[in-house]
Amino acid sequence: MTGRIRRLAGFLLALFVLQALGAAYWQVWMGPRLAQDPRNPRLLLAEERVERGALLDRNLLPLARTRMEARRAVREYPTGSLFAHLVGYRHPRLGKAGLEAALDGILLGAAERTPWEEWRDRALGRRPRGFDVVLTVDQEIQKAAAQVLEGRRGAVVVLDPRDGALLAMASAPSFDPNQLERDWAVLRRDPTSPLLNRATHGLYPPGSTFKVVTMAAALSRKAAKPDTRFFCPGFVLVRGRPILDFGGQAHGPITLREALVWSCNVVFVHVGLRVGGASLREFAAAFGLGTSPDFELPSEAGHLPDPEEVAGDGVAQLSFGQGSLLVTPLQMALLTAVVARGGVRLRPYVVAQVRAGDGQVVERYRPKPGERILVEEVAGSLRDTMVEVVARGTGRAAALPGVAVAGKTGTATAPGGAPHAWFIGFAPAERPRVVVAVVVERGGTGGQVAAPMAREVLRRALERVR
Amino acid sequence: MVRTRMVDPVLYGASLALSLGGFLMVYAVRHPGDSPGPVGYGVLVLLAVPALHVALVRRGFRGDGLLLPVTQTLVGLGLVELYRLQPGSLVRQATWALLGLGGGWVAYCAARAVDRLSRYRYLYALSALVLLVSALVFGVERGGSRQWLDLGFASFQPSEVVKVCLVLFLASYLAEHHRLLALRPPQEVERRILLPVAAVLGASLLILTVQRDLGGALLYLSIVLGMVYVGTGRVEYVAAGALAFAAGAGVCAVLFPHVRIRLEVWVDPWRDLAGSGYQLGQALFALASGGLAGTGLGLGYPELIPAVHTDLVFAAIGEELGYAGALGVILLYMILVVRGFRIALRARRAFSRLLAAGVSLVLAAQTLLILGGSLRLVPLTGIPMPFVSYGGSAMVSNFVLLGLLMGISHHEEVPHGRRT
């Protein structure tokens with residue numbers, strides 16, 4: 001019996017060793033992978049042990065903050081739907097979006113704490129606090145942007161062209177991040193996609209606003225001068241099919257400058273053919289189209305037509321911003337900022353400061369020197385022409401008393417409905433402080449719908465930005 | 001024994017220090033400012049273990065000196081974990097531990113009269129049978145299995161008593177018949193002699209199907225097969241029993257969805273992670289999040305695991321104390337089992353040997369089944385982790401087993417130089 005007892009004991013001990021190996025497999029070998037598995041609820045719960053930092057506008061008004069409610073941290077958004085898309089939301093079950101997602105690490109305090117520090121904090125009943133983030137946006141400008149979008153579908157982006165600071169970013173329709181749980185099912189089913197940030201993720205053909213790029217390319221490549229004369233019979237035949245001017249109007253003999261002021265498609269088709277598809281595409285890329293901007297919020301890259309598509313007379317549609325070209329409102333605002341900034345492309349930013357809980361500034365954003373993509377002379381010609389657009393052309397509805405506004409309208413046709421209304425512009429023209437891009441989905445013409453909206457936003461923004 | 005006396009205060013002291021440290025950490029992190037009363041009571045109960053040791057030594061105890069301190073460490077760990085996972089039950093569980101010590105004392109004294117203990121063989125079998133049937137008839141369902149008897153003031157798990165009766169019965173039965181069973185070919189062994197063993201095997205299958213207690217069935221099966229092997233050395237009985245069980249379990253998996261789900265979750269817990277795989281999935285996440293050193297007591301999220309304080313304490317230990325803690329627990333059980341088998345090897349009488357081996361086997365099998373279940377080595381069952389899991393019946397019955405073991409080691413030790 002002794003031998004059998006020994007063998008049974010040995011067998012059981014071997015099984016114990018197997019358990020030790022099994023524990024090593026799950027805890028050491030699989031540990032890191034499984035611990036970081038998105039299905040592991042511990043990841044979200046760990047965040048609740050840190051008091052998430054607040055998001056503030058440039059005047060330190062809170063846009064998102066954490067409040068304690070019966071020993072539970074509740075994230076609240078004092079401005080409701082106003083900043084819903086930019087600030088986003090953070091919900092334990094529905095996840096994160098917007099800056100709440102993009103700045104997660106900073107808001108949680110980023111720095112990893114050792115188990116000992118965590119233990120000590122817990123023992124002393126301390127909840128470590130993440131960093132507060134001061135944004136560049138201004139609540140009043142945001143209100144102006146949201147007001148003009150009221151009842152429409154579209155987006156408004158407002159930038160400071162001097163350093164690339166985002167002043168406002170609104171998308172409509174919006175939602176209330178405080179009521180996300182209640183509204184979630186409805187929001188997800190809504191065909192107007194209220195959860196979509198149209199400023200960064202809405203893709204539209206830019207229409208005539210793209211003529212700024214075509215003209216920039218023509219002037220830079222010396223394919224035409226502002227005074228170069230063209231003739232507009234009201235249409236142009238490309239590959240046997242006529243391209244008409246908006247409303248079928250014939251402008252007759254007309255200079256390039258006047259063609260931008262009155263948004264003549266025919267002239268820009270000719271200009272595009274002179275510049276060539278490859279060059280025009282190159283300029284569009286230099287202006288930032290077709291790539292996601294380097295920005296705190298992730299955004300769409302849009303679409304630049306393939307080189308084969310714009311070869312030869314294929315460039316015609318691109319010349320006036322149609323065809324397969326797709327852009328986001330943020331990209332159009334950045335494009336406008338290049339003209340406003342005298343030909344320099346800046347990196348946009350929205351995080352001004354990172355602060356500790358006691359208000360001490362931990363990190364401050366330093367604008368990086370931009371990249372010159374247009375010579376000053378070309379940028380100046382564009383600016384002067386855009387001032388004419390608002391002074392006496394298609395963009396008259398954007399004019400402000402006592403301030404020179406530069407701008408360009410766009411009426412982008414899209415299959416299956418009314419055109420998208422665009423307006424891009426900046427003011428004051430001589431020393432620009434504010435850039436604006438407005439798009440209204442299926443809104444009508446840019447001059448009638450988008451230009452007055454841009455005027456209102458510019459007016460309010462110029463009061464706020466000195 | 002001079003050796004024991006020098007080392008004992010160190011063992012009990014170290015064990016107590018571990019428990020105290022654990023209580024302190026959990027108190028500081030989870031319940032700062034709450035009344036420390038329950039903790040004080042828990043510590044007092046733990047202090048009863050060295051007190052029992054002193055009482056034993058005064059009466060000339062010369063048995064195994066490691067069993068008690070190791071058990072104390074496990075009980076202490078169990079109380080600390082319960083304080084962390086379900087503090088409201090700490091006092092209740094500590095009281096059960098105290099009752100367990102009493103039960104262990106009784107068993108220890110009973111083991112003194114080994115010959116008389118082996119005489120009540122059919123009383124054990126009968127009580128096991130009555131308890132099983134009463135569980136089937138009067139049992140209340142809890143967590144999908146009908147293995148609880150509600151006594152009004154407390155509920156009690158008959159299977160915990162059955163397991164003790166089973167070991168006693170088999171030890172006694174095999175001690176009488178083992179030579180016969182070991183030497184004759186199976187066809188010549190009278191049916192009457194094999195019948196009781198086969199009956200136990202059949203009962204375990206019945207438990208699996210009617211009581212839905214896969215863990216209990218596996219436990220009884222391993223006790224029967226292990227003890228038959230030790231008693232007779234007939235591998236063919238063991239193999240036949242294992243095969244019969246496997247076939248029965250296979251049929252059950254086809255017939256009963258609850259058995260099938262258990263097996264499916266075991267094969268792939270990730271497929272239905274939100275549903276049937278939730279408990280095991282959370283346990284594995286807990287173990288993984290613990291890593292090598294653990295999150296620290298009170299800093300993990302073991303409460304995410306359903307029934308963590310009864311079924312998956314090991315996962316909670318793994319999360320908060322890390323692989324280091326898990327390995328420590330495995331080592332403690334290994335010490336218990338090794339010492340148990342050592343006692344079996346040193347015992348003189350066949351009954352004592354079989355009993356000590358059987359008791360060690362029960363302790364080992366319970367541990368292996370629940371640890372293996374948490375680690376997905378075997379299907380997860382509701383077997384309590386000996387001395388650690390929350391549950392009074394298991395606590396008392398395991399202390400009874402420990403008492404038997406200590407009694408055998410005290411009375412049946414082969415004097416030096418006369419080992420067989």
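In what follows, chains carry the letters A, B, and so on, assigned in the order in which the sequence lines appear, proteins first and then strands, with residues in each chain numbered from 1.
The CZ atom of B:Phe341 sits 8.0 Å away from the CG atom of A:Leu13 when rounded to the nearest 0.5 Å. Between A:Met30 atom CE and B:Phe285 atom CZ the span is 9.5 Å, to the nearest 0.5 Å. Here the straight-line distance linking atom CD1 of A:Ile5 with atom OG of B:Ser360 works out to 8.5 Å at 0.5 Å rounding. With rounding to the nearest 0.5 Å, the separation of CG in B:Leu368 from CZ in A:Phe16 is 4.5 Å. For the atom pair CZ (A:Arg7) and OH (B:Tyr229), the distance works out to 3.5 Å, reported to the nearest 0.5 Å.
In this structure, A:Arg364 places its CZ atom where only 12 or fewer heavy-atom neighbours from other residues, nucleotides or ligands lie under 6.0 Å away. The neighbour count for A:Glu363 CD, taken as heavy atoms of other residues, nucleotides or ligands under 6.0 Å away, does not exceed 12. No more than 12 heavy atoms of other residues, nucleotides or ligands sit less than 6.0 Å from atom CH2 of A:Trp29.
Using a 4.5 Å cut-off between heavy atoms, B:Leu377 touches chain A through its side chain atoms alone. With a 4.5 angstrom heavy-atom cutoff, B:Leu327 touches chain A only via side-chain atoms. With a threshold of 4.5 angstrom between heavy atoms, B:Leu331 does not approach chain A through any atom at all. When heavy atoms are compared at a cutoff of 4.5 Å, B:Ala286 approaches chain A by way of both its backbone and its side chain.
Comparing B:Val329, B:Val230, B:Ile330 by heavy-atom pairs within less than 4.5 Å of chain A, the highest count is held by B:Val230. Ranking B:Ala350, B:Gly290, B:Gly372 against chain A, the residue ahead of the rest is B:Gly372, based on heavy-atom pairs under 4.5 Å. Among A:Leu15, A:Val17, A:Leu18, the residue making the largest number of heavy-atom pairs under 4.5 Å with chain B is A:Leu15. Options B:Ala326, B:Gly318, B:Ala357 differ in how many heavy-atom pairs under 4.5 Å they form with chain A, and the most are formed by B:Gly318.
Between A:Gln19 and B:Tyr333 there is no side-chain heavy-atom pair separated by less than 4.5 Å. Looking only at side-chain heavy atoms (C-beta outward), B:Leu304 and A:Arg42 come within less than 4.5 Å of each other. Contact check for B:Arg376 versus A:Trp26: side-chain heavy atoms found under the 4.5 Å cut-off.
Pairing each heavy atom of B:Tyr323 with each of A:Ala20, the nearest pair is OH-O, 2.9 Å. Across all non-hydrogen atoms, the minimal contact from A:Arg4 to B:Gly231 is NH2-O, 3.2 Å.
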Worksheet entry | Derivation of the side-chain hydrogen bond (donor to acceptor under 3.5 Å, both in side chains) call for A:Thr2 and B:Arg353 | CA-CA 9 Å; A:Thr2 316; B:Arg353 292 189 151 202; 3.3 Å; yes
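Of the possible donor and acceptor atoms, one in the side chain of A:Gln27 sits under 3.5 Å from a partner among the backbone N and O of B:Leu287.
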